[in-house]
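If you read the sequence from its start, that first residue is 1, and numbering goes on from there. Being a predicted model, the structure only gives us computed values, none of them experimental.
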Amino acid sequence: MDGDAGLFTPDSVTWHLHGDPIMWIAGIRALYLQALHPRAVRGVMENSDFRSDAWGRLMRTAKYVRTTIYGTTEEAERAGARVRRIHSMLGATDPGTGERYGVDEPGLLLWVHCAEIDSYLHVARRSGIPLTDAQADRYVAEQRARARLVGLDADADAVPGDRAALAAYFESVRPVLALGADARAVDEFLLRPSTHPLLIPAREVLWRRVAHLAYASLPPYAHALYGRPAPEPAVVTRRLRATGTLLRCVPARLRWQLPPKHILDAIARLGPDARPAPYKVGR
């Protein structure tokens with residue numbers, strides 16, 4: 001295999017997990033979870049145009065994730081440097097105390113990282129991707145590389161390196177979480193994102209199903225904070241499995257044509273054996 005594989009390689013769990021289409025639902029779950037941290041979501045509300053440019057924001061986020069996973073080392077480092085530079089210039093006002101703070105506070109970066117990693121792993125496993133506990137722990141450890149890109153000390157104990165540390169982190173941060181006006185706005189937006197009038201019927205039929213499923217996959221304490229019920233866990237698991245099965249029926253080559261095309265670029269750069277597929281994990 002020739003070429004620079006980047007921060008991750010075809011031998012990693014990350015490489016194969018993130019090639020699966022269920023990750024789109026996991027990303028929406030992460031947004032729901034991240035919004036429950038008042039300071040983190042305030043930073044988004046004061047500095048983001050997501051409500052007026054929902055699709056653009058989604059695609060920029062997808063591009064960043066795919067670049068850090070499937071891009072070359074230089075591309076991933078450059079993407080991380082750009083995020084750190086932007087974050088260093090942004091601030092927000094604490095909704096409770098009025099304190100001004102930077103959005104690159106380590107605690108906020110850690111919350112966003114952990115909510116994202118937990119969502120990817122949780123939805124992937126629950127949708128039927130066969131990961132052993134050891135492989136799941138390996139995935140969490142691998143993601144420390146992406147934590148470093150946003151400015152966290154990847155070697156510090158604060159950045160979880162396995163599922164147990166991730167669970168302990170969420171237990172420690174739960175007293176901080178709350179449903180404020182910003183989280184309500186994110187909830188309302190995710191259910192009804194702005195779109196072209198001609199696409200509103202599709203939004204009501206398709207997007208709302210996706211958003212409801214992402215919400216339903218949240219942990220019980222998140223449902224309690226949002227104040228909206230969710231189906232029984234067994235029902236949610238069946239729906240995630242059915243959705244994952246349906247999405248995986250779409251040929252990968254067709255799915256990967258959607259921008260950004262980093263997976264196709266990585267295969268072209270490294271050869272056909274680099275093609276990501278969950279069944280390759282652990283081979």
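For Arg125, the salt bridge (charged side-chain N to carboxylate O under 4.0 Å, His left out) partners two or more places apart in sequence, or in a different chain, are Asp133. When the salt bridge (charged side-chain N to carboxylate O under 4.0 Å, His left out) test is applied to Asp137, the partners found at least two apart in sequence or on another chain are Arg163.
Within 6.0 Å of atom CD in Glu99, more than 12 heavy atoms from other residues, nucleotides or ligands are found, so the atom counts as buried in its surroundings.
Within the cation-pi definition used here (under 6.0 Å to the ring centroid, within 45° of the axis), Arg39 qualifies as a partner of Tyr101.
Residues Arg228 and His223 fail the side-chain proximity criterion, which asks for heavy atoms closer than 4.5 Å. Between Tyr120 and Val140, every side-chain heavy-atom pair lies at or beyond the 4.5 Å cut-off. In this structure, the side chains of Val235 and Arg238 come closer than 4.5 Å at one or more pairs of heavy atoms. Within the 4.5 Å cutoff, no side-chain heavy atoms of His18 are placed close to those of Pro276.
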For this session: Evaluate salt bridge (charged side-chain N to carboxylate O under 4.0 Å, His left out) for Glu77 paired with Arg148, printing each intermediate quantity in order.
Result: CA-CA 10 Å; Glu77 295 289 353; Arg148 177 184 61 79; 2.7 Å; yes
For this session: Start with the C-alpha gap between Tyr226 and Tyr215, add the side-chain angles, then the distance that decides, and say whether ring-ring contact (aromatic ring centres under 6.0 Å, His included) holds.
Result: CA-CA 10 Å; Tyr226 275 111; Tyr215 174 84; 5.7 Å; yes
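At least one donor-acceptor pair closer than 3.5 Å links the side chain of Glu142 to the backbone N or O of Val13.
Under the 3.5 Å distance criterion, with hydrogens and angles disregarded, a donor-acceptor pair is assigned to the side chains of Thr73 and Asp4.
Here the shortest heavy-atom pairing between Gly43 and Val103 reads CA-CG1, 4.0 Å.
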